[in-house]
**Q** 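Can you keep this structure in mind? I'll have questions shortly.
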Amino acid sequence: MMNLLMFVLVSLSPRAGEISPRLEGILSELPPEGRVLAWVDLTGEGKVPDAWVEEIAKTGARVRVRSEWLHSVSVRATREQLEEIASLPFVRGLSPVARFKRTEPMPSRPPPLPKFPPGRAPYGPSFLQLDMLGVPELHDMGLTGLGVRIAVFDAGFDTSHPAVRGLKIIAFRDFVRELADDTLDASPTFRGNDHGLAALSVLGGHEEGKLIGPAYGAEFILARTENTSWEWPLEEDTWIAAAEWADSLGADIISSSLGYSRWDDGTGYSPDDLDGDTPRITRAADEAARRGILVVTAAGNEGTLICPGDGDSVITVGAVDEDLEVAPFSSRGPTSDGRIKPDLAALGVEVLAAWTDPAGPTYRRVSGTSMATPLIAGLSALILQAHPHWSPTQVREALRRSAHRALSPDCDVGWGVPYGPSALKAEGTLYGRVVDDQGRPVQGAVLRLKVGEETMETTTSPQGWFLFREIPRGRYELDVRCPFYASYTTYISLPEWDEILLGLGRRCSPPPCLVCSPNPVGEDGAVFSFPLYGKRKATLKLFSPSGELVWSRELRGKEAMVRWEGKNAEGRPVANGVYLCVVEVGGRRMVAKVGVVR
């Protein structure tokens, strides 16, 4: 059985010098003199030897990209040339270079009148998109991205626009033009279209009264990795080459607003491939993170996730409107292996951006996850300026803990919209989840953290998440208690960047009726527990002795358990006395008397 398992695992990848089944399928439909893009995986690790590249070139294939990170080269070659390459002793296997097509751009429109409060006039109509992230407060602290180097990948950049004319651009490179050959008769100029200008301006633009980006004080590396033509495919080796080039220039952040779906010949990646390991572009993004580069990438506007957004080390960004509701076009997760994506979200509906009309430079409202992405990249640059020693994973964790859905992350907006000032203080947070012995979330568990002479207390969310803030460095005792579960005590040292997973063993099953524990209710509140009788929705109401509704809660889930802090709907403590708790589940009603004694 063990030998059979090992055979199945190995058979999923091409054997030494073998052409993969996917590439074989493409070659079977190729004309005799047709050429195809392919990855050549090499044996060993580390730097790709020049002699090997020369041997590959001798076959007549055109070598496009040499990836030191993946220990591979990409080539454009005929079937005959690929078969000759496969026979070389240092070749491990061949597979297709994934090709994509651009997603349709979201429509743009002229900006409305500025929306900003008194004292915020310098931001003009761009205030809202920054204020949602707490960026103005960080600017007030002197954080502008100074000393942080950001690589921006897009379809070209018009750097003559007033909003970006003053940026510190230390390098640019046109990978589309460099890699163009007979399949691309003419490569558009480096300027490209307005998408690159829009993304760059949202990230770091600066024209007072009109638009200010979060990281206008940063340094920028610009890479053109997309063709502006909708007819030509986008190729993943272009992005990988740009990432390795950015690394060689000391980039701290990669902001990639690219949005792809599969190319018509099927050479892109299917949703099942988006597992964080299969797409080469994702593996390159994770390698960039391993090397200390924070990769911020768009979730996409296609409804389903795009790569490299499936990477487990990247920040994948979704889009929300000004009410923090997920944008209808914003792509959702999860990844094919079940992880939550996107990670974060920012304004992606009618974001103010620089634009160029036939009449000259102007501004427009542009929508898409490609506009939310540079906002998160810019915020990340401010965090890195304040904490240059933080790793990419720590920056992502800080932003997650500061986000508005930190206690209820989902695959619509991930952990939600982050708040910069809170993210700066992430080293003083303790974040995690409480689950039972079956791995299911435990709602309503009370966690008490002893901090000096004081005790901090919080309660787990319906998904079992908890978050403590503003805790000094040190070692603390953490006590976890929940009705029907065995109590649990552990010791925690801060700072703690990993998400804490606490497991509680069941002490007994919930009773088949409405129960309040403890009863009477004291200063610490209580937990109501009751069965759902196979339903997934329940309503709990608490009435005063005079019959007035004091507090209510609507619940959804397989097992109803909710914590009550002993307060009314306005958040004020209720008076001592006997209250009536009424729970309605699928036409059934359960009633219990609850005492309050303080």
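Nothing fancy with the numbering, it's 1 onward along the sequence.
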**Q** State, with a plain yes or no, whether a side-chain heavy atom of Tyr488 is found less than 4.5 Å away from one of Val434.
**A**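 Of all side-chain heavy-atom pairs linking Val434 with Tyr488, none is under 4.5 Å.
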**Q** What's the separation between atom NZ in Lys567 and atom CZ in Arg572, rounded to the nearest 0.5 Å?
**A**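 Separation between the atoms: 11.5 Å.
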**Q** Under 3.5 Å, is there a donor-acceptor pair between the side chain of Gln385 and the main chain of Leu146?
**A** yes
**Q** What distance separates Asn301 CG from Met371 CE, expressed to the nearest 0.5 Å?
**A**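 Asn301 CG to Met371 CE: 9.5 Å, rounded to 0.5 Å.
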**Q** Is any side-chain heavy atom of Thr455 less than 4.5 Å from a side-chain heavy atom of Leu449?
**A** no
**Q** In Å and rounded to the nearest 0.5 Å, what is the OH to CH2 distance from Tyr431 to Trp497?
**A** 13.5 Å
**Q** Does the side chain of Pro472 come within less than 4.5 Å of Leu494's, by heavy atoms?
**A**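 When only atoms from C-beta onward are counted, Pro472 and Leu494 do not touch, as no gap falls below 4.5 Å.
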**Q** Excluding sequence neighbours, so at least two apart, what forms side-chain hydrogen bond (donor to acceptor under 3.5 Å, both in side chains) with Asp412?
**A** Arg332
**Q** Got more than 12 heavy atoms from elsewhere within 6.0 Å of CD, Glu470?
**A**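 No, because the 6.0 Å sphere around CD of Glu470 holds 12 heavy atoms or fewer from other groups.
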**Q** Output yes when Arg401 and Glu397 qualify as a salt bridge under the 4.0 Å nitrogen-oxygen rule, no when they do not.
**A**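 Salt bridge: yes.
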**Q** Yes or no on side-chain contact (heavy atoms from CB on, under 4.5 Å) for Asp410 and Ile340, after CA distance, side-chain angles and deciding distance?
**A** CA-CA 6 Å; Asp410 60 25; Ile340 292 177; over 6 Å; no
**Q** Can you sort out the partners of Asp436 under salt bridge (Lys or Arg N to Asp or Glu O under 4.0 Å), two or more places apart, ordered by chain and number?
**A** Arg440
**Q** Quick one, Tyr419 with Glu137, criterion side-chain contact (heavy atoms from CB on, under 4.5 Å). Give me CA distance, side-chain angles, the key distance, then yes/no.
**A** CA-CA 10 Å; Tyr419 184 62; Glu137 291 94 323; 3.0 Å; yes
**Q** Are Arg469 and Thr429 close enough that a side-chain donor and a side-chain acceptor fall under 3.5 Å?
**A** no
**Q** Using side chain to side chain contact (heavy atoms under 4.5 Å, CB included) as the criterion, list what pairs up with Asp140, not counting sequence neighbours.
**A** Arg120
**Q** Salt bridge (Lys or Arg N to Asp or Glu O under 4.0 Å) with Asp310: which residues, sequence neighbours excluded?
**A** none
**Q** In Å and rounded to the nearest 0.5 Å, what is the OG1 to CG distance from Thr489 to Asp479?
**A**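 The OG1 atom of Thr489 sits 4.0 Å away from the CG atom of Asp479.
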**Q** Distance only, no hydrogens: is a donor on one side chain within 3.5 Å (strictly under) of an acceptor on the other, for Glu427 and Trp390?
**A** yes
**Q** At what distance, to the nearest 0.5 angstrom, does CG of Leu294 lie from CD of Gln394?
**A**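 These two atoms lie 11.5 Å from each other.
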**Q** What I'd like to find out is whether the side chain of Val320 reaches to under 4.5 Å of the side chain of Val413, using heavy atoms alone.
**A**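 Counting from C-beta outward, Val320 and Val413 do come under 4.5 Å.
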**Q** Got Ser367 and Val351 here, is their nearest side-chain heavy-atom distance under 4.5 Å?
**A**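 No, side chains not in contact.
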**Q** Of all heavy-atom pairs between Val585 and Lys537, which one has the smallest distance, and what is that distance?
**A**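 Result for this residue pair: CG1-O, 4.0 Å.
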**Q** Go through the side-chain N and O atoms of Asp337 and Thr335 and say whether any donor and acceptor fall under 3.5 Å apart.
**A**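 Present: a donor and an acceptor within the cut-off.
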**Q** Does the side chain of Val594 reach to within under 4.5 Å of the side chain of Leu580, using non-hydrogen atoms?
**A** no
**Q** Got a salt bridge between Arg400 and Glu499, using NZ or NE/NH1/NH2 to carboxylate O under 4.0 Å?
**A**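 Answer for the salt bridge query: yes.
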**Q** Sequence neighbours excluded, which residues qualify as side-chain hydrogen bond (donor to acceptor under 3.5 Å, both in side chains) partners of Ser408?
**A**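 Applying side-chain hydrogen bond (donor to acceptor under 3.5 Å, both in side chains) to Ser408 gives Arg405.
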**Q** Between the side chains of Lys541 and Ser552, is a donor N or O closer than 3.5 angstrom to an acceptor N or O?
**A**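 Per modelled atom types, Lys541 and Ser552 side chains form no pair under 3.5 Å.
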**Q** Can you sort out the partners of Tyr476 under side-chain hydrogen bond (donor to acceptor under 3.5 Å, both in side chains), two or more places apart, ordered by chain and number?
**A** none
**Q** For the backbone of Gly595 and the side chain of Asn519, can you confirm whether one donor and one acceptor N or O come within less than 3.5 Å of each other?
**A**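 Yes: the side chain of Asn519 pairs with the backbone of Gly595.
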**Q** Does any non-hydrogen side-chain atom of Val317 lie less than 4.5 Å from one of Val296?
**A**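 Touching, per the 4.5 Å side-chain cut-off.
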**Q** Can you tell me how far apart CG (Asp277) and CG (Asp286) are? Round to the nearest 0.5 Å.
**A**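 Reported value, rounded in 0.5 Å steps: 7.5 Å.
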**Q** So, are Arg291 and Glu287 salt-bridged, with charged N and O less than 4.0 Å apart?
**A** yes
**Q** With side chain to side chain donor-acceptor pair (under 3.5 Å) as the criterion, how do Ser336 and Asp275 come out once you've worked through the C-alpha distance, each side chain's angles and the decisive distance to 0.1 Å?
**A** CA-CA 5 Å; Ser336 65; Asp275 56 7; 4.8 Å; no
